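We're numbering straight along the sequence, starting at 1. Keep in mind that what you see is a predicted model, and the values were worked out from it rather than measured. Remember, it's 1-based here, ligands and their atoms both numbered in the order they're listed.
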Amino acid sequence: MFKKFSQLDSDLLRKQIDPLFEATRSGGLANIFAVWIVYGLVVNTSHQDEAILLGVAVTFLSVLRILISDEYLRFDTKKLRTFLAGHVFLTFVIGVAWGWFALTQTAHEDAAIRNMVFLINFGMIAGSIATLSVWLPAYVAYIAPQSVCIFTVFLVQGDRISFYMAAAFFIFIAIMISTSLKVNRSHKRELLLNLKNNELIDDLNNEVMHRTRTQVLLEDSKRGLKEKVKERTIELEIINENLIKEITDKEKAEESLEYIAYHDELTDLPNRNLLIDRISDSIETARRSKQKLGILFLDLDRFKAINDSLGHNIGDKLIQEVAQRLLQTLRKEDTISRNGGDEFVVVIKRMKNGDEAILIAQKLIESLTNIFEIDSHKIHIGASVGISVYPNDGDTAVELVRNADTAMFSAKKSGGNRFQFYDESMSNRLRERLILENELHTASERNEFYMVYQPQINCLTGDTVGFEALIRWKNKNLGMVGPEQFVPLLEETGLIYTVGKWVIKEVINFIRSGQTGNACIAVNLSALQCGDVYLADYIANEIKNSGINPACIEFEITESLLINDFEKTEVFLNELHKSGCSIALDDFGTGYTSMSYLTRLPIDSIKVDQCFIRDIDTNSTLENIVGAIINMSTSLGLKNVFEGVETEAELEVIKRLNGAIIQGYLYSKPLDVHGVHNWLHADKMIIGNLHVKH
Ligand code: C2E
Ligand code: MG
Ligand code: MG
């Protein structure tokens, strides 16, 4: 604090005395000129030597004082008080020199010269106000010795004039001191004013600086703020965009989820969920408008066989094509949905009577009759349609669909490729079927299956050439169940693979037991079994391991198999044929066999279906057809077997047409193992004028 004050004091002092040092040069020069003027005045007088001494002393002292001042001004010295003391001292010494010289004038011979010298003293005293009054001690130091000496000289004179002169000089000195005081005061005031001004300017500058800095800071923060706002805006825009995208994605996901929930992925058709909704809505409308509603349940025939033999990929494509065909057949206002698998459900709104449903069902079935070409596979498929009608067959969507399904099942059971209206008895049949299915699953474990063998006889020679192995099922609760009933169920449940293998094993064992003689045993193969890639190998191995003659075994396949996947069947049959077995085409005439298939495949015989035999004796068309079949198969080198011959009249026609091998009740129903033994060892019997050789 003290240091600060003293610092301040010295700053103030410095500002006050700077003009003193600055004026030293002019003051000094004035003194030098003045002393040498004095010398000029007293030259050649008795005071000449004192004048020289004065001149030299004042010149020396003035120069010394100038040098000190220059030194002070040149260096921003901190020893200003020392310099000031030095300056004042030298000024005092100069003043003393002038005073001393004035004293030497006391005894001057020429009063005029003396007064002239004094005038110069007066001038110096007056003039030095300008250079010394800024620092009063300096001025006093300069004028005090001179004034005292000049005053003394006047007083010493003792005359009146000198007395007046002394008085005038006294007044002069008083005026000079007062002037000097005024100059000093005004100098100080100016100095203070300057200081204040400077302070003010400093304050102002500080303020300006502060404001500028604040302004800059403000600008900076404004700029920063703008940048931040910009950045934040961009961020917000991005967040907003992302949010919008997220919301849109979410909405899309929800939409697609909803779409997936209500649509079938494969065909893009409404699925069961949407179907039930639509039927429920349609029921409401139908109820209000007192109209009918038709539900058509469509199921593809033989689809399982196609899917299993050709693979799921082809199966899927087939379903897609079927969906397209069905869609094209329907009116816009009708709904078609895929219920799953190979099932489609059609809803017919505003139906006036059942005829409309018949018309549409027929159209749907017809639309699928043309062959499908999928990945170079030619596929023939049919459809069974069940029809239920609101309000007759139910008043809820679920009930109506279930009843249409039951009707479809009934249509399928009746041979497929047809439609069927629902009636209540169907539900009972469906229940029966479910019971059957349950029992079938455990039938093998309970050894409920057994084989029977129906003889095949050459009606021209009477020889028993073979037997057809036919499966039988005797259930503990249901009793005997016919193969027409349970074989399709075995296929649907997939049990056919294991049961089919059991049949093959059973037949091979029977042949190996030697009870069949030279007769060949025919084994039925379902279409599904022919799609089992390992079955041909399995059969070959079983035959090899049993050691039986492969020629003793024949495999019967149905026509539909050929149509569905010709290439695969061809491979399978060739494999089978290679192992030495023969192959028969069963139920010939009921399918769509192309003649070219017969030549390309390793088929040994055809089995003419019993529908051609029934009434052949009374129906000439049937006779012509069978005649043509016999001619064709003979020319192709194929054996022909006639199934279901029951009467001698039928036999006669066949014989007339040159048919040879007969399998029918006329000769024998299927026999158990014991029956076969008896058949082969019994005496000959006469049927239709023929001695049947056992
Ligand atoms: P299918 O292969 O056409 O067998 C001939 C069917 O005609 C047998 O019926 C047989 O008993 C019957 N039949 C023979 N002669 C006459 C006759 O004079 N009059 C009448 N009304 N029927 C006669 P079944 O045994 O009921 O077999 C029905 C079908 O079940 C068979 O037809 C065959 O497709 C299938 N099947 C039977 N056993 C097996 C088997 O072990 N495996 C496979 N996959 N299918 C079998
Ligand atoms: Mg058969
Ligand atoms: Mg048959």
Side-chain angles (χ1 to χ4, degrees), residues 302 304-305 308 413 415 440 443-444 448-457 459 466-474 480-510 520-532 535 539 553-561 582-591 593 603-617 629 639-651 654 661-672 675 687-688:
R302 294 184 300 279
K304 192 168 167 48
D308 289 342
K413 289 280 282 177
L440 203 57
S444 281
E448 290 182 348
F449 295 120
Y450 66 94
M451 299 306 294
V452 292
Y453 302 90
Q454 188 176 25
Q456 295 174 338
I457 293 130
C459 67
F467 293 88
E468 178 176 4
L470 297 158
I471 191 167
R472 292 291 176 260
W473 177 28
K474 189 175 181 186
M480 286 304 294
V481 184
E484 303 284 7
Q485 251 184 298
F486 72 83
V487 169
L489 265 183
L490 285 175
E491 289 176 337
E492 280 168 39
T493 51
L495 287 167
I496 192 72
Y497 297 108
T498 47
V499 175
K501 280 182 182 171
W502 174 83
V503 169
I504 293 163
K505 261 196 163 165
E506 195 73 2
V507 168
I508 289 174
N509 286 339
F510 188 40
C520 175
I521 309 284
V523 177
N524 289 287
L525 285 183
S526 115
L528 286 183
Q529 285 176 281
C530 299
D532 180 357
L535 189 69
I539 292 170
I553 194 158
E554 183 176 61
F555 288 98
E556 293 186 10
I557 55 152
T558 50
E559 278 190 291
S560 57
L561 187 67
S582 50
I583 290 155
L585 194 58
D586 203 359
D587 304 336
F588 186 80
T590 55
T593 315
I603 291 168
D604 303 290
S605 55
I606 55 169
K607 293 186 78 178
V608 181
D609 194 76
Q610 47 181 291
C611 64
F612 294 99
I613 310 304
R614 197 73 55 247
D615 303 330
I616 193 170
D617 51 322
I629 293 174
K639 284 190 290 175
N640 36 62
V641 180
F642 295 88
E643 282 185 314
V645 179
E646 288 184 352
T647 62
E648 292 197 7
E650 288 164 358
L651 177 68
I654 293 166
I661 301 161
I662 308 292
Q663 183 186 336
Y665 291 172
L666 176 65
Y667 289 115
S668 172
K669 289 203 166 185
L671 307 165
D672 61 14
I687 299 164

(message) Please determine whether any non-hydrogen atom of Gln610 lies less than 4.0 Å from an atom of ligand 1.
(response) yes
(request) Note the single closest protein heavy atom to atom 30 (O) of ligand 1, along with its residue, its atom name and the distance in Å. (result) Pro483 CB, 3.5 Å
(request) Could you go through the side chain to side chain contact (heavy atoms under 4.5 Å, CB included) check for Glu554 and Glu468 one step at a time? (result) CA-CA 9 Å; Glu554 183 176 61; Glu468 178 176 4; over 6 Å; no
(message) Any heavy-atom pair between the side chains of Val503 and Met451 that's under 4.5 Å?
(response) yes
(request) Test side chain to side chain contact (heavy atoms under 4.5 Å, CB included) on Cys530 and Leu535 and set out the steps. (result) CA-CA 7 Å; Cys530 299; Leu535 189 69; 6.0 Å; no
(message) What verdict does the side chain to side chain contact (heavy atoms under 4.5 Å, CB included) test give for Lys639 and Ile661, after you've listed the backbone C-alpha separation in whole Å, the side-chain angles of each residue and the deciding distance to 0.1 Å?
(response) CA-CA 8 Å; Lys639 284 190 290 175; Ile661 301 161; 4.2 Å; yes
(request) Could you list the atoms of ligand 1 found under 4.0 angstrom from a heavy atom of Asp587? (result) 3 (O)
(request) Start with the C-alpha gap between Val487 and Asn524, add the side-chain angles, then the distance that decides, and say whether side chain to side chain contact (heavy atoms under 4.5 Å, CB included) holds. (result) CA-CA 11 Å; Val487 169; Asn524 289 287; over 6 Å; no
(request) For atom 18 (O) of ligand 1, grab the closest protein heavy atom and report residue, atom and distance to one decimal in Å. (result) Tyr665 N, 2.8 Å
(message) Among all the protein's non-hydrogen atoms, which is closest to atom 21 (N) of ligand 1, and how far away is it?
(response) Glu646 OE2, 3.2 Å
(message) Among all protein heavy atoms in this structure, tell me which lies nearest to atom 5 (C) of ligand 1, with the distance rounded to 0.1 Å.
(response) Glu643 OE2, 3.5 Å
(request) For Gly644, take its heavy atoms, then give the atoms of ligand 1 lying under 4.0 Å from any of them. (result) 15 (N), 16 (C), 17 (C), 18 (O)
(request) Looking only at non-hydrogen atoms, find the nearest pair between Ile471 and Phe449 and report the distance. (result) CD1-CD2, 3.9 Å
(request) Using 2.8 Å as the cut-off, count the protein N, O or S atoms closer than that to the Mg ion (ligand 2). (result) 4
(request) Would you please test Lys304 and Glu491 for salt bridge (charged side-chain N to carboxylate O under 4.0 Å, His left out) and show each step? (result) CA-CA 9 Å; Lys304 192 168 167 48; Glu491 289 176 337; over 6 Å; no
(request) Return the minimal non-hydrogen interatomic distance between Glu448 and Trp473, and the atom names on each side. (result) OE1-NE1, 2.7 Å
(message) Is it the case that ligand 1 has an N or O less than 3.5 angstrom from some N or O of Ile471?
(response) yes
(message) I'd like to know if the side chain of Arg472 and the backbone of Asp672 have a donor-acceptor N/O pair within less than 3.5 Å.
(response) no
(request) Look at atom 24 (P) of ligand 1 and say whether a protein heavy atom is found at less than 4.0 angstrom from it. (result) yes
(request) Note the single closest protein heavy atom to atom 45 (N) of ligand 1, along with its residue, its atom name and the distance in Å. (result) Asn524 CB, 3.5 Å
(request) Tell me which part of Asp586 gets within contact of ligand 1: side chain, backbone, both or neither, using heavy atoms under 4.0 Å. (result) side chain
(request) Compare all side-chain heavy atoms of Ile629 with those of Asn640 and state whether any distance is below 4.5 angstrom. (result) no
(request) Spell out, as yes or no, whether a donor-acceptor pair under 3.5 Å connects the side chain of Gln454 to the backbone of Ser668. (result) yes
(request) Measure the acute angle between the ring planes of Phe467 and Tyr453, then classify it against the limits of 30° and 60° as parallel, tilted or perpendicular. (result) perpendicular
(message) I want to check something: taking the side chain as every heavy atom from C-beta on, are Leu525 and Ile504 in contact at a cut-off of under 4.5 Å?
(response) yes
(request) Among all protein heavy atoms, pick the one closest to atom 15 (N) of ligand 1 and tell me residue, atom and distance. (result) Gln454 NE2, 3.0 Å
(message) Assess, by modelled atom type and distance only, whether the side chains of Gln663 and Gln456 contain a donor and an acceptor separated by less than 3.5 Å.
(response) yes
(request) Report yes or no: does Glu468 have a heavy atom closer than 4.0 Å to ligand 1? (result) yes
(request) Would you check if the side chain of Asp586 reaches a backbone N or O of Thr558 as a donor-acceptor pair within less than 3.5 Å? (result) no
(message) Within the structure, is a non-hydrogen atom of Pro670 found at a distance of less than 4.0 Å from ligand 1?
(response) yes
(request) Note the single closest protein heavy atom to atom 31 (C) of ligand 1, along with its residue, its atom name and the distance in Å. (result) Leu470 CD2, 4.3 Å
(request) Pull out every atom of ligand 1 sitting under 4.0 Å from any heavy atom of Glu484, numbered as shown with elements. (result) 28 (C), 29 (C)
(request) Could you see which bit of Gln456 sits under 4.0 Å from ligand 1, with heavy atoms only: side chain, backbone, both or neither? (result) neither
(request) Would you verify that at least one protein heavy atom lies under 4.0 Å from atom 9 (O) of ligand 1, or report that none does? (result) no
